[in-house]
Amino acid sequence: MTPAPYRIRSRRPDRADTVTLTLEPVDGACPSFVPGQFTMLYAPGVGEIPISISGWFRPGGYVQTIRAVGAVSRALCHKRRGDVIGLRGPYGTGWDLSAAAGLDVVVAAGGLGLAPLRPVVRELTAHPSLYGRASVIVGARTPATVIYPQDLARWHDGHGIDVQVTVDHPDQAWTGPVGLVTHLLDRIVFEPRRTFAFVCGPDAMIKATAVELVRRGVDPRRTAVLLERNMKCGIGRCGHCQLGPLFVCLDGPVVTYDVAAPLLAVREL
Amino acid sequence: MTHKTIKVGSLSRVEGEGALTVHARDGRVTGMELRIYEPPRFFEALLRGRSHTEPPDITARICGICPVAYQMSACQAVEAACGIEVSGPLRDLRLLLYYGEWIESHTLHIYLLHAPDFLGYESGVAMAADHRDLVEHGLALKKAGNELVAAIGGRPIHPVNVKVGGFYRVPTRAELAPVAERLRHARDIARETVSWVAGFDFPDVDHDYTFLALRHPDEYAILSGSIATSTGEAFAVEEWPAHVTEAQVPYSTALHARLDGEIGYLVGPMARYSLNSAQLCESARQAAADAGLGADCRNPFRSIIVRAVEVLHACEKALRIIESYTEPETPAIPFEYRATTGHGASEAPRGTLYHRYRVDIDGSIAEADIVPPTAQNQARMETDLLQLVEPRLHLPTDELAALCERAIRNYDPCISCSAHFLDLHVDAQ
Amino acid sequence: MAAFVLDSLEPLIAELRSRGFAVVGPVARGGVIRMEEISSAADLPRGARDEQTPGRYRLSTHDGDLMFDYAASPDSAKRFTQPPRQTLIRMRRGDIEEVEDEAPRLALLGIRPCDLAALAVQDRVFLGGRHPDPAYRRRREALFLVTVNCAVPGGTCFCVSMGTGPKATKGFDLALTELADPHRFVVEAGSEKGVDVLGALSQAAACDDDLAAAEEVSRIAAEHMGRQVDTEGIQQWLPQAHDSPRWSDVASRCLSCTNCTMVCPTCFCTTMEDSTSLSDGTAERVERWDSCFTLDFSELNGSPVRGSGEGRYRQWLTHKFATWYDQFGMSGCVGCGRCITWCPVGIDVTEELANLR
Amino acid sequence: MGTRKGTAVTRSVRKRTEGVPRLAVWKFASCDGCQLTLLDCEDELLSVAAEVEIAYFLEASSAPGPGPYDLSLVEGSITTPEDLERIQHVRRVSKHLVTIGACATAGGIQALRDFGDVREFAAVVYARPGYIATLDRSTPISANVPVDFELRGCPIDKRQLLEVISAFLAGRRPVVPAHSVCVECKARGNACVMVAHGTPCLGPVTQAGCGALCPAFDRGCYGCFGPMESPNARALNKQLRALGMSTPELVRVYRTFNATAEPFRQASESAENSREADDDA
Ligand SMILES: Cc1cc2nc3c(=O)[nH]c(=O)nc-3n(C[C@H](O)[C@H](O)[C@H](O)COP(=O)(O)OP(=O)(O)OC[C@H]3O[C@@H](n4cnc5c(N)ncnc54)[C@H](O)[C@@H]3O)c2cc1C
Ligand code: SF4
Ligand code: SF4
Ligand code: SF4
């Protein structure tokens, strides 16, 4: 339960309230990770919160994107290059990319949910031949809350991935689609019975998207979702993240929809 | 023609809030406002209809500085009404609790509120910048008092363990042992405190006070006794209403207490000391003598020495009680209420605190009367201020203002004892 | 396993103390049996008997020599294996420092078979997974366990239903059965440590009468269980009862006060508290007992997932009796009845389960 | 211990230090106990004073520094027309405003006037009540200006006060849980006084913070920290009645220091109207 010291190697403000940090261990090696896993980031004296890993850099360090929503996330966002913070992990389950081999891939993100999906898309761009058609659909509240706009553009322009973005509340400059992310499923091409989907966002977005995917014929066991629950320890000890039989920190955060569906269906579980 | 107005905007380093304005013309004080802007909280009214068991908890909230005093006077008034008396080891525990409050409250006043005046600082904290050791000693002494109150009462402010008839749970010897340890150290600090404050530079003042305090046959009265005065008048606490009356005076809406028709008597450390100093314990008496206190004390600036002497006395007495402490059989004595009136008085750090309750046939409070020390002293404070200011009108305004504020602080007024305080307006012309 | 007879516990207590153990045993304090450090058998609550019903506990004293003539007290081993508060780390000027508390060598004398079962649950929770807890291990390994088989189950006990009592079969260093007329103890060792301690005492082998009397004690206790739970298929049916109207019924009575989880010997949930010192900027991280009945517990994005009393009670009961199997392969309930006795409004899990079924 | 003669004139030794957070302590209708809690932090007071500038604290200092303040601690409730204006000023000059204690957070014991007639109250105490400038109600600070955090207790707890000050200075959430007193009661190792002694206790509906003081002294909690996050007073009242509390006792027990905190007000009113008693019949 003791965090290891990590130095902030670089800090990039993404959006008004969102920052991407690259973190490298002050000493020792950085443990490898599976996309989808998270770490517990500790802002000294303020608190510790789960944050997904959204990338890796050589020779060894994590890229993590944090939105300032409360005390701890704000403290982390305010850290500067060179500051030392604490890190535990990586913890939890990851996206099972091997299960998607040879299949069409749909990556669906709601808001900040794109952060843990970023390494998935990186894999798709690195080894396009291993997968079928690849699409990324993103829903955000406003155009200003879409994260990684450069990445999205590069994936689309440079790697031939079908990237679609929709927003709830457009601004003057917005020319793209407006509405729920599920509507974007009509705009992309995939063969439902031969598709693997990766879904991450708020509970409601996950549910709506997965339901829609399954209705179109995607196998729930091939629909991976990333769940979010209150976490204090990240290692199955504090009890906070329970979702029915699951410890989201150990059995998740990534689970397949066949597992998640009955649990998400129960109110206040 | 000279005309000036001296304003002490907000009285500081007093408990509660007040302000003073003095108007003067041609060398005469033409008006004075000792404005207490402590809003009234109507305790006597809201006690009506409450159970006779509730005054200790409720009246504690009149003052966070001396809640134990309120609890003790309240308990005794209700107990008097119900015809019981708490004695023996339970009474000792009450004394112990009370000594804790004396130590804590007096030390707060001496070190953090009063001494800075003599040494020329704005606050105890500022004083610590130059005299860290000194202030740390004071805080250690204060802490000893607080820990004593907490050991018996649960917490220093608004203790939870006091009830009519005794306590909810009595402490074990083991629980008191660490407190005794600290008290022994506190006693040494208290002794040093007396000689330290005795060395201050005191203005030469000698007032002709009428003093009032409790007197007890066996001890330097704190918890109970009868009323003694420097006029030689003595009476039982039940006779308080016959002797002490509260009246509204024409120039003020404040209730001024009168003793046998006379306005402006004084309660508090100086009164206690002057009336009962022979009953102080040996070492406190010795320390007082060494500090140059005579048989009585009539210089309010020197009241800081009296407080220090009382702290030493409290430490000594508390230690003795702890040393011989055995757990009482029961934490409280059982009783049945009676529909009568009961009176209770005890010596709050700031002076005699009187409570009276009339208990109704259903056990509720039909009537409550609370006379806190600061209300009793207010008239006397105003007289003092007048006497202080008039011959010094030539002094620079801020110096005079500081002097006035000091004069008020001498009395350690606890304005939160707001049961009776009102706005006081004085017209300048 | 060989059984022996002890006439007095005095030599045992002395032996344990001489081996550097602080002996923690039952004492009667404030009208309740508490587990506190004792120095002699004289500290044990001779003649004490309890009466436990939902939301009510009363202790009384009787003639006779029996020292363990009552059921589970509010203190289980949890307080010692998982302290209510512990500092995990301290951080000074960028240096993160792990706080390693000394694990006290404790001999728990008089803990009950259900408490041993609870320790087995804790062992599974804290040591059996992917992230074993070294601090728990240290404290756990420093324990010497002297259990006492129950003679009089409390009015709220249901260990027979849960298969955890009233007689201990494993998990102890020594197991005692207290017998009257004459007052004596049948003692068995359950570990090498136990054998070793026992070997240092002068004891006589238990005769057949002693053994029969001990068996009888356990048999009678088993017959007098205050309550019972039908555990058949509970792992399946309980989670499926999530829409039962019974939840809102119990929620109207439940105070969300957390007492049930606090006294439960297996409830392990904690939270973290971070603080900074004003004077030197030292940051500290403390882990303390928490409960699924608090709103912070499930807070997500500013509001609790389980905002209703219904949701919180359901989480607790379902976790204890059903999802615990999914997570740890065993029940989270050992049938000690503490949550029933110590619920201030007397909510009874056995009754709720019967009604939900 | 050294002796030093001083002058009567107060001089200011504290320079305004750049970058040091500035703390102010304000008083409204109250007993002073909550602000005294700051002076009762004997072990911490001087280190606090080294970290923050105690810029305005009349109880302790005669040199009030001017605003603005980074953190204002406000004690007491609003009961007079002047105080109504003064609290607006306090809000204006304060970056963070934290109320301390039951008076500032819930109106305090003086809010009992809400259940009666304040003019009658004044007449009981004063011969000429006409002079009294007071409002009909005693309102918490949050009823008058926005408040950043409310610290409970009558009085507040010293550890919690230090925690709030350090949390605000460190920019984190103060660790001041809103759950019941029972959590602390059990962590402290108390046996429940309701269960073990049949003593009525408000602990289950009262917010933690005191460290479960009353049960530790064999007494039922009397609710001085106000309602907890999810109080179920109706269920508790049923049990309190079973333990022998009468309707007037129930009404009174909620009407003390947090009488107008909404859940306690409701609890006392529903007890008063005996709806619960009827329900149970
Ligand atoms: C597996 C996982 C991955 C996540 N990945 C990211 C990410 O990549 N980027 C990102 O910005 N956010 C991520 N979050 C959400 C992030 O953890 C919360 O925003 C954060 O905990 C809020 O804490 P706070 O102290 O800033 O806010 P506050 O509202 O002050 O929260 C206080 C406390 O409440 C709890 N809490 C509140 N909201 C959450 C929450 N949503 N999840 C868990 N605990 C919560 C925390 O324990 C926190 O200590 C992730 C959450 C989980 C569970
Ligand atoms: S079940 Fe009982 S003990 Fe548990 S939270 Fe509810 S009222 Fe409290
Ligand atoms: S004594 Fe009161 S505070 Fe403590 S557990 Fe019982 S009900 Fe809760
Ligand atoms: S137990 Fe209740 S009444 Fe007693 S101090 Fe704590 S909050 Fe106040």
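Excluded from the calculations below are hydrogen atoms, water molecules and symmetry mates; all remaining heavy atoms, backbone and side chain alike, are included.
When atom types are taken as modelled, the side chain of Arg34(C) and the backbone of Gly189(D) share a donor-acceptor pair closer than 3.5 angstrom. Distance alone, capped at 3.5 Å, is enough to place a donor-acceptor pair between the Arg58(C) side chain and the Val195(D) backbone. Side chain of His179(D) to backbone of Ser256(C): no donor-acceptor contact under 3.5 angstrom is found.
For Ala235(D) against Val345(C), the heavy-atom pair with the smallest separation is O-CG1, 4.1 Å. For the residue pair Val32(C) and Ala191(D), the shortest heavy atom distance occurs at CG2-CB, 3.5 Å.
Interface residue Ala251(C): only backbone heavy atoms are found under 4.5 Å from chain D. Looking at Val175(D), the atoms closer than 4.5 Å to chain C (heavy atoms on both sides) all sit in the side chain, from C-beta outward. When heavy atoms are compared at a cutoff of 4.5 Å, Ser166(D) approaches chain C by way of both its backbone and its side chain. In this structure, chain C has a heavy atom under 4.5 Å from the side chain of Leu169(D), while its backbone stays farther away. Interface remark: Thr261(C) contributes no atoms to any contact with chain D (heavy atom separation under 4.5 Å). Only the backbone of Asp274(C) comes within contact range of chain D, with at least one heavy atom under 4.5 Å from a heavy atom of that chain.
Most heavy-atom pairs under 4.5 Å with chain C, from the set Cys182(D), Ala170(D), Ser47(D), Ser180(D): that is Cys182(D). The candidate with the highest count of non-hydrogen atom pairs below 4.5 Å against chain D, out of Thr276(C), Thr271(C), Val263(C), Leu59(C), is Thr276(C). Heavy-atom pairs under 4.5 Å with chain C were tallied for Val193(D), Leu243(D), Asn232(D); the largest tally goes to Asn232(D).
By the 4.5 Å heavy-atom criterion applied to side chains, Arg172(D) and Ser275(C) are counted as neighbours. Between Pro177(D) and Glu273(C) there is a side-chain heavy-atom pair separated by less than 4.5 Å.
With values rounded to the nearest 0.5 angstrom, Asn259(C) atom CG is found 8.0 Å from Met194(D) atom CE. The OG atom of Ser252(C) sits 8.0 Å away from atom NZ of Lys238(D), with the distance rounded to the nearest 0.5 Å. Put simply, SG on Cys192(D) and OH on Tyr57(C) are 12.5 Å apart, with the number rounded to the nearest 0.5 Å. Atom CH2 of Trp289(C) and atom NZ of Lys186(D) lie 9.5 Å apart (nearest 0.5 Å).
Heavy-atom proximity under 4.5 angstrom to chain C picks out Met228(D), Glu229(D), Ser230(D) from residues 218-230 of chain D.
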Side chain to side chain contact (heavy atoms under 4.5 Å, CB included) assessment of Arg288(C) paired with Val183(D): CA-CA 10 Å; Arg288(C) 68 152 174 88; Val183(D) 177; 4.3 Å; yes

